[in-house]
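Naming convention: chains lettered A, B, ... in sequence-line order (proteins, then strands); numbering from 1 in each chain.
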6 protein chains.
Amino acid sequence: MYHHVKQMMYTVKIGEPDPKFGQMLLEQFGGANGELAAAMQYTIQGWNCEDAARKDLLMDIGTEELSHLEIIGALTRMHLKPMKMNREAAEADPLMVIAGGGGVGLYDSMGNAWTADYLKVTGDLAVDLRSNIAAEGRAKIVYERLIGFTQDQGSKEALQFLMTREITHMRAFTAALESMEKPQFAVGIIEPTPGLVDQFFNASTGESQYGETDFKGPWNSGNGLHTVQFERNGGENLDVKPYMPQPGTEVTSPVDSTPVGQWTNGAGEKQKAMHEKVAAQQKKEPVGV
Amino acid sequence: MYHHVKQMMYTVKIGEPDPKFGQMLLEQFGGANGELAAAMQYTIQGWNCEDAARKDLLMDIGTEELSHLEIIGALTRMHLKPMKMNREAAEADPLMVIAGGGGVGLYDSMGNAWTADYLKVTGDLAVDLRSNIAAEGRAKIVYERLIGFTQDQGSKEALQFLMTREITHMRAFTAALESMEKPQFAVGIIEPTPGLVDQFFNASTGESQYGETDFKGPWNSGNGLHTVQFERNGGENLDVKPYMPQPGTEVTSPVDSTPVGQWTNGAGEKQKAMHEKVAAQQKKEPVGV
Amino acid sequence: MYHHVKQMMYTVKIGEPDPKFGQMLLEQFGGANGELAAAMQYTIQGWNCEDAARKDLLMDIGTEELSHLEIIGALTRMHLKPMKMNREAAEADPLMVIAGGGGVGLYDSMGNAWTADYLKVTGDLAVDLRSNIAAEGRAKIVYERLIGFTQDQGSKEALQFLMTREITHMRAFTAALESMEKPQFAVGIIEPTPGLVDQFFNASTGESQYGETDFKGPWNSGNGLHTVQFERNGGENLDVKPYMPQPGTEVTSPVDSTPVGQWTNGAGEKQKAMHEKVAAQQKKEPVGV
Amino acid sequence: MYHHVKQMMYTVKIGEPDPKFGQMLLEQFGGANGELAAAMQYTIQGWNCEDAARKDLLMDIGTEELSHLEIIGALTRMHLKPMKMNREAAEADPLMVIAGGGGVGLYDSMGNAWTADYLKVTGDLAVDLRSNIAAEGRAKIVYERLIGFTQDQGSKEALQFLMTREITHMRAFTAALESMEKPQFAVGIIEPTPGLVDQFFNASTGESQYGETDFKGPWNSGNGLHTVQFERNGGENLDVKPYMPQPGTEVTSPVDSTPVGQWTNGAGEKQKAMHEKVAAQQKKEPVGV
Amino acid sequence: MYHHVKQMMYTVKIGEPDPKFGQMLLEQFGGANGELAAAMQYTIQGWNCEDAARKDLLMDIGTEELSHLEIIGALTRMHLKPMKMNREAAEADPLMVIAGGGGVGLYDSMGNAWTADYLKVTGDLAVDLRSNIAAEGRAKIVYERLIGFTQDQGSKEALQFLMTREITHMRAFTAALESMEKPQFAVGIIEPTPGLVDQFFNASTGESQYGETDFKGPWNSGNGLHTVQFERNGGENLDVKPYMPQPGTEVTSPVDSTPVGQWTNGAGEKQKAMHEKVAAQQKKEPVGV
Amino acid sequence: MYHHVKQMMYTVKIGEPDPKFGQMLLEQFGGANGELAAAMQYTIQGWNCEDAARKDLLMDIGTEELSHLEIIGALTRMHLKPMKMNREAAEADPLMVIAGGGGVGLYDSMGNAWTADYLKVTGDLAVDLRSNIAAEGRAKIVYERLIGFTQDQGSKEALQFLMTREITHMRAFTAALESMEKPQFAVGIIEPTPGLVDQFFNASTGESQYGETDFKGPWNSGNGLHTVQFERNGGENLDVKPYMPQPGTEVTSPVDSTPVGQWTNGAGEKQKAMHEKVAAQQKKEPVGV
């Protein structure tokens, strides 16, 4: 259940309203990496999460993002306000003023309506945590860029507050992923094909007019990877022998999500037992209210 | 420039076509985590990348994903084929057969047209690499689920091939990120607010009807984080003192993307010089064609 | 600021899961008239509202709808669960199970991603309240239809709870609109053209193959309206004489939203003064916490 | 069947073309509350309507809105025209000029393609009429705002014509709803849970930094409603006892739409008989052509 | 101005309703190649058309397509009707019955909301006519496929009527294009680069696992075209010498659309004069009403 | 399988970057008629094509369009670059700089995300070729307009290169369609209703305020067509007698796509035999690599 406390989490103050900057701020209100996207991604992952401890984490952060949506909404609204009275200001984003009356709306800085297509929710906890770590990185860089386009102190400070919280969340999601104790590249329950998984395919070759060329780096030579060349008549050095999936071979974590499909019950049940045991242990030290 | 080699990277063979499984496979042809999304995300990141070495990586994998799109397209088409002749099969996905003639199209398993809203492209290399690591994790789990819903050996093997490559790419993107030598939680050039960044906000509290409660874990207590309680009249334990952004304080990497906004030239120029020096060194060992 | 209380507002219990009914329920989770649409429509109207008293109303109901989203999400998830384990169940909505792992997502019953295009937010309070009354009517009828397609007692009861709240909200929004004391057909500050506004244009005429014909009713003859016939060479009986807009002639309410455009300051300032006076009066009897 | 008469319903004349105002006008051509949205909403409701008399109303107004689409299209096109010849004008909306050749298109003022997601069509006549009343209110306020952003007399007059018609339609839809003689808050055929329906839930509490606080008003205290407080550990004063839906208890109108689901035939048949009887009576006085 | 005549253009009759066939029919009601798409594409092209004679053609056909939308809507609604009463039928398209009450809506056969992204409107008359010829071909084939999936005689006949009209329109658009007397490959006013325009680039080479290989055909060798081979290190046989655009060199027609951009006035004025002369001549033989 | 050659097909050079022109150029990068749309439309048609010879054509051009996407991307990126450093430039397209870091993205000139709704893929070869001819015409005119809005020589030349290729492709698609030897208006396998197909319906009549009137032209009188008048009480002169579809009566080509639906096997098998025979003949002269 949700409760709204009228006091905002952060007190927004601005100097001179700047409608075109307000339009830029919409990116974090109704944009692809904005606060509603964050709130919905984590909350829905939370509602689907079978691990009660990490579900708590997802709900904590998902709820905080709703409070951030309120903050960025207030900041944006203050900057958009002159659109209401001023034809030239209104030209910056006619959708907000003609249709929306000069307030905020769930649109990005170019007027695209918010869509759930922005969200990354797979129902696999470790995968979702990786998506969240990436999402926090994107939100951080967007806030940083917004800070770089305003000279207004109050706006800068409000954005700094919101930006900081993204790093807090990135750290929390990373700790949660690490606490699952899965090997770094283990996803799900089927191991990738041995041999083939070590081959880096050099699919872009030659030298460009701008001096770009083929590079060696730890991403194609080293870290267990080696490069396979592209041959004109096919990628013949790539190992394309058929190999049957081997479910259950991948190293999983006791708190992994239940698999999906034909082996749900097999691997699933075993995980569930371990999962409940761990959840029980974690529950011993609940954080009180 | 692109070249298409008629030989497919993997030879797809199936037993009995299964149109409803074909519909599921569309998820990886025209869906949110599918092969076109991967191809476009990495390729466009590559075209925007100012670090020629890691641009090469992005183009290698972006191009390989186009070859994967061809493979999953062939597999899907084989399974959808009976839709053409059979009313009952056609009912599974009328859009594909009535409008599309029974072939594949850029739609997901519920008929949603592919949209660039699926992509995560920020133009900040370290952020983009994190988005790619997460994207590969999502694609892996989706392939695994598809394998779990078919009994056809040829289909399972083709999906295993594609699934394996996602892990290869995940390893390559991780190596590229690590090679940038940035601290784990450093994003961009502005440091988060000290103190505030360590506070985990307990925004979801109490106990649910289903036995869920507040948990302690490394994500809210430890790893430098500590929990701040929610108070009814506001998040008053949270540190909300104004703090001005301090650009240039964050530890960056020589191959970081040029910042955006008012400090572009300052920090940007310095990075560019280092960047070119590193690029020159890397170029000494080009991978020949 | 938002707070999440782990206890759900209503305790959801179901008998036998019914995945195809789960798919239908998605309509109220991520559909056009669903709970997220309601929560966002009222909350964003609230954040834009300059009348503090009715803003409180919008925030009360907007927040309650978030709690409803959690309830319908839990109910839907229980019904979708078999999709995870069962190929036939999975065929009902492959997007939810292949991409989403068998949990809920912000999609409607046909897999369309939720979009802010569903929302109606104009920033004019009286107009927004009318949109909300209509929205509650739509949500009520959708819940009623869902009840009609299940035999599961627990599901019926949960839907009855949610359905009832829509009528509560419809009554509250109606009371708020009436309390603004605007004439029934007064919108904004410009009066419609006298004469022309009373003419009902009979643009669909004749008799169909199915026995439909032209009807007289209180909507075209009576209530101050009279019918104007369509003539083949144009709507010549319709009064199309040019008439200049007369801002300020429409009867407004002390709590009307500030107008937009060239007369913002004129009419706006006067309204603001009255508005503040009324707000102050209303504040004398605050509802304590 | 439709017929197009070349004579426009209103003769559009403008002074100086104003491309940025033209962009604003697109809001009513291809925007969410624009003329195509109105035409399609009423027409499709009409095609689905089983009450021949009110279907006639829906077709009359739906058809008139098509004529309005032509008017706003002509006005918009006149203002956009300089985009064709002038680089600076073209910058206001490159999509219209580069892709569209400088004419009008089904896009809103920020270039979003028109989508049927804008429409509200439920197939329940009383609910649809409420949606239409709200839609006319929104269209009225949008026209008023457009008038406020131009000084061109011809444009103002054309917009005044279109704006006036929205009020005419609002009156007609209201008369049609009232003529159905349903109680104000009766929707469908299931009564809301007694008791619970009278409880207004105070989900937003406290006092904000901007002086906002909890308010009492007729929307939460009076009109049969009373306020229920939010308690930290749940909405415990809210009546959440299970209650089974009681179809058939709600007061319906002889012209209500047929219900959907398990009780379709029962209540439906009886309504249909009454419905036909009333329709027959109304038909006695057809409006001739 | 539009007028709706209650008599439908074609009297739709069906035998046994078939809800899953109804779902397929939605493809032509609210789908990408359906009747609304046709009506809107031609009508908006018409409103933008500066050639009054061919504008008349566009309005004739655009208006007829609205009448077709009514026919396909009636046919679809008859087939969807059982959804209202029957849970199993409702599962075929829950969106139409839960949200839409069992009537038709502007969605395609997989529930995608109609979008103006389906339309092809460029404002260049000859280009638009080619888009229309292609659109009629697509609509024809979709109707043919629908006919192939039903055994109901009334449905087949109604679809045959609609299908036939697409061919009539295809012939009319083709005649209009030919009457413009432009060379077959002349588009706009700038000639393509001589030499380069004759080179067919062989970008897909080799032989596939399925026996596909490189083919010669009139499309790459003959008709003035000759094949240029792809070389591994670039398309070096392709003529990529810089060449400046030469506006005014392309053979245009007296009824061509006014060009856009810097040469608007030059070429444009001359065309306009010729255009008016031709329009005047054509007007001598107006088709009376 | 795809291979990326680092050398671009055309060497892009610009003078002074022009961010607002860069925004216009996005139309051909991520817009409705842009290079990704072309690449995807032809490639997916190719993957679905059962005629190996014309599949080769579709793959050749589909692949070339990917190389064009790279060229227009490079040109656009050069023009957008100042957005990164300059607040005023950034205002032109905040989405590209705030969210995208100042690089290119799959958006059109008004920030709409690319969608597969832009594509026209029916799986009927002759229909698809017509769609492609039209698509090339649209792309040509868009390039021409872009040329008209810049004075930069390097940009003009690059656009001239891309524009020229569209005409090459238009010629190739036309040659392929003609080589199928189908009558001009034959689509699929069912003949349109005789008689009815020759009637042009005059659905738009009268004279407008702007002097437009009913015109005679080869599109409604001649070419086998004759005009049928609209009568107020219905289109009664139009031949609306029921007529059963007659599959197999239309003149098809040996390389036609297999039909869809109930007669797939009948007509289909015969076509397939002829198709293979022709394909074998064409294969005798393969174009080597």
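Using the six-membered ring where Trp is involved, F:Phe161 and F:His68 have ring planes that are perpendicular, over 60° apart on the 30 and 60° scheme.
With a 4.5 Å cut-off on non-hydrogen atoms, F:Lys13 does not touch chain E at all. No part of F:Ser208 comes within reach of chain E, as not one of its non-hydrogen atoms sits under 4.5 angstrom from that chain. Residue contact with chain F, scored on non-hydrogen atoms closer than 4.5 Å, is absent for E:Ser67. With a 4.5 angstrom heavy-atom cutoff, E:Glu136 does not touch chain F via any of its atoms.
Ranked by heavy-atom pairs shorter than 4.5 Å toward chain F, the options E:Val127, E:Thr193, E:Thr63 are led by E:Thr193. Ranked by heavy-atom pairs under 4.5 Å with chain E, the list F:Glu144, F:Gln151, F:Met59 is led by F:Glu144. With chain F as the partner, the residue from E:Lys140, E:Lys241, E:Glu191 showing the most heavy-atom pairs under 4.5 Å is E:Lys140.
Sequence neighbours left out, not one pair with a member in residues 121-132 of chain F passes salt bridge (charged side-chain N to carboxylate O under 4.0 Å, His left out). Applying the salt bridge (charged side-chain N to carboxylate O under 4.0 Å, His left out) test to pairs two or more places apart or on separate chains, those with a residue in residues 153-178 of chain F are E:Asp198-F:Arg171, F:Glu64-F:Arg165.
The backbone N or O of E:Pro218 sits less than 3.5 Å from a side-chain atom of E:Asn223, completing a donor-acceptor pair. Remark: the backbone N or O of E:Leu125 is paired with a side-chain donor or acceptor of E:Ser257 at under 3.5 angstrom.
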